[in-house]
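All of these numbers come straight from a predicted model, not from anything done at the bench. Numbered from 1 within each chain, the chains take letters A, B, ... in sequence-line order.
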2 protein chains.
Amino acid sequence: MGRRERKKAATRQALADAALRLFTERGYDEVGVREIADAADVSATTLFKHFPDGKEALVFDQDVDREAALVAAVRERPTGQSVPQALHRMLLGEHSRRVHADPRFDDFLRLIDTTPALREYARRMWLRHEYALAAAIADDAGLPADDPGCRALAHFALEAPVLVRGSRDPDTALDRVFDLLGNGWTGTRAD
Amino acid sequence: MGRRERKKAATRQALADAALRLFTERGYDEVGVREIADAADVSATTLFKHFPDGKEALVFDQDVDREAALVAAVRERPTGQSVPQALHRMLLGEHSRRVHADPRFDDFLRLIDTTPALREYARRMWLRHEYALAAAIADDAGLPADDPGCRALAHFALEAPVLVRGSRDPDTALDRVFDLLGNGWTGTRAD
DNA sequence: CTAAAAAAGCGTAACAGCTCAACTTTCTGA
DNA sequence: TCAGAAAGTTGAGCTGTTACGCTTTTTTAG
């Protein structure tokens, strides 16, 4: 790795670190991009060269490849396991794995939960994989790739993680969401 | 109705009309708010006084009360009809009723479909009623008002209309979405 | 090896949507 | 009638974001 790329990566990391620190200290809406750029000793233009998707992207630095994991969860699920069950397990595992990996991950989640713009951005990051996931589901079920039912299942499954954030018990809430997707609405009229 | 309120309503209408005309003529992103304000012969600040939710709100002027209709669809559904079925019928009826009411409604829908910012805004308008609808569903099923399953059903049902836009056959697509919510994912592995 | 040219970082200035403090106009009621 | 409250309007200015040009580094050609 050349000297140039190393400096580039260092600048990018300095920007992301400064942003996360300032955001958690004073709140997302109270910190401007010029201030973040100053803290990393670069100009605002440079910040946007490193993060073309804008201010929100500063928080979601690590862009791991979730798409492959999602498609694999559908394709390589064990016999007898339904598609919703496979996605459910995959999303649960992903979440707990991340919580245990980085101690700062809690602050990270709290920041996202309390900032509408970041929740929206997180949702859109998940939904970027909607098309690929829908295609994998359709292929598995022997339906055309743009089948609306498959698209709906992919869409709802990808939205589930964002939807259950803020619940008192997110894991149980996720159970309920995937129970709905797997078995349908089973509620009957009270009394 | 006093002279003052009439003038206010006239200004608001002039703004909405100018916006819709300019947007359909040249595209949403090609028209600035200052230009719209000029066309209505007011300043940009005045525009935001009339539409505090911003540029997108100019397009969704008529703010009919859908919340009551949604809650009523759940509460007053005929015996034997499930909650998803009731919501499905209600959303279908709402759509066709609007298409037949105003001939300009087609242009309106096309504008929304081709503008990501407007699609997002439409989605958020629907989701404003998520809490009320979830509470109505929970009440009907005898569950606590913040039950995650009820919240998920409300959320997915409200997102359905936006999700099926752009499909080749939106009505059939809506059938598939509500089949998923009513009966769960029934697909089995191909071959 | 060196000069040129291609690429990439960087800052200035600007434009977009949007808000704030102040000024005018219109309505109210004693 | 006429203060003063309420509502409407405005120009200046803030924030996220981008286009343009300048400088620096890297690659390439002879």
Chemist: To the nearest angstrom, how far is B/Leu47 atom CG from C/dC20 atom C1'?
Modeler: 17 Å
Chemist: Side-chain N or O of B/Thr46 less than 4.0 angstrom from OP1 or OP2 on D/dT10?
Modeler: yes
Chemist: Base, sugar-phosphate alone, or nothing: which one does A/Lys49 contact when heavy atoms must sit under 4.0 Å apart?
Modeler: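 Since a base atom lies under 4.0 Å of A/Lys49, the category is base.
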Chemist: Which whole-number value in Å describes the distance from A/Asp53 CG to D/dG16 P?
Modeler: 16 Å
Chemist: Would you say A/Ser43 reaches C/dC10's phosphate, i.e. side-chain N/O to OP1/OP2 under 4.0 Å?
Modeler: no
Chemist: What do you reckon, is CZ of A/Arg98 surrounded by more than 12 foreign heavy atoms closer than 6.0 Å?
Modeler: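 Above 12, so yes.
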Chemist: Check the distance between C/dC18's P and B/Leu58's CG and give it to me in whole angstrom.
Modeler: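 For the pair B/Leu58 CG and C/dC18 P, the rounded distance is 9 Å.
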Chemist: Checking A/His100 side chain against A/Ser96 main chain: does a donor-acceptor pair fall under 3.5 Å?
Modeler: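 Confirmed, A/His100 side chain pairs with A/Ser96 backbone.
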Chemist: Could you check how far NE2 of B/His50 sits from P of D/dA7, rounded to whole Å?
Modeler: 13 Å
Chemist: Inspect the contact between B/Asp107 and B/Arg110 and indicate whether a charged nitrogen and a carboxylate oxygen are less than 4.0 angstrom apart.
Modeler: yes
Chemist: To the nearest Å, give me how far apart CG (A/Leu15) and C1' (D/dT17) are.
Modeler: 15 Å
Chemist: Rounded to whole Å, how long is the line connecting atom CG of A/Asp38 with atom C1' of D/dG16?
Modeler: 15 Å
Chemist: For A/Ala44 and for B/Asp41, locate the closest nucleotide of DNA chain D by heavy-atom distance; then report the residue assigned to the nucleotide nearer the 5' terminus.
Modeler: B/Asp41
Chemist: Specify the residue among A/Lys55 and A/Thr45 whose closest nucleotide of DNA chain D lies further upstream toward the 5′ end.
Modeler: A/Lys55
Chemist: Under 4.0 Å, heavy atoms only, any strand: does B/Val33 hit a base, just the sugar-phosphate, or nothing?
Modeler: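 Sugar-phosphate, backbone atoms only, no base.
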Chemist: Atom NZ of B/Lys7 and atom P of C/dT24: how far apart are they, to the nearest Å?
Modeler: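 Result: 17 Å.
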Chemist: For DNA chain C, whose closest nucleotide is more 5', that of A/Arg34 or that of B/Gly32?
Modeler: A/Arg34
Chemist: NZ of A/Lys8 versus P of C/dA7: gap in Å, rounded?
Modeler: 14 Å
Chemist: Give the nucleotide from the list C/dG9, D/dG16, C/dC18 with an atom nearest to the side chain of B/Phe48.
Modeler: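 Nucleotide nearest to B/Phe48's side chain: C/dC18.
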Chemist: Would you check if the distance from the ring center of B/Phe156 to the ring center of B/Phe178 is below 6.0 Å?
Modeler: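 No; B/Phe178 has its ring centre 6.0 Å or more from that of B/Phe156.
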Chemist: Any carboxylate oxygen within less than 4.0 angstrom of a Lys/Arg side-chain nitrogen, looking at A/Arg128 and A/Asp53?
Modeler: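 So A/Arg128 pairs with A/Asp53 through a salt bridge.
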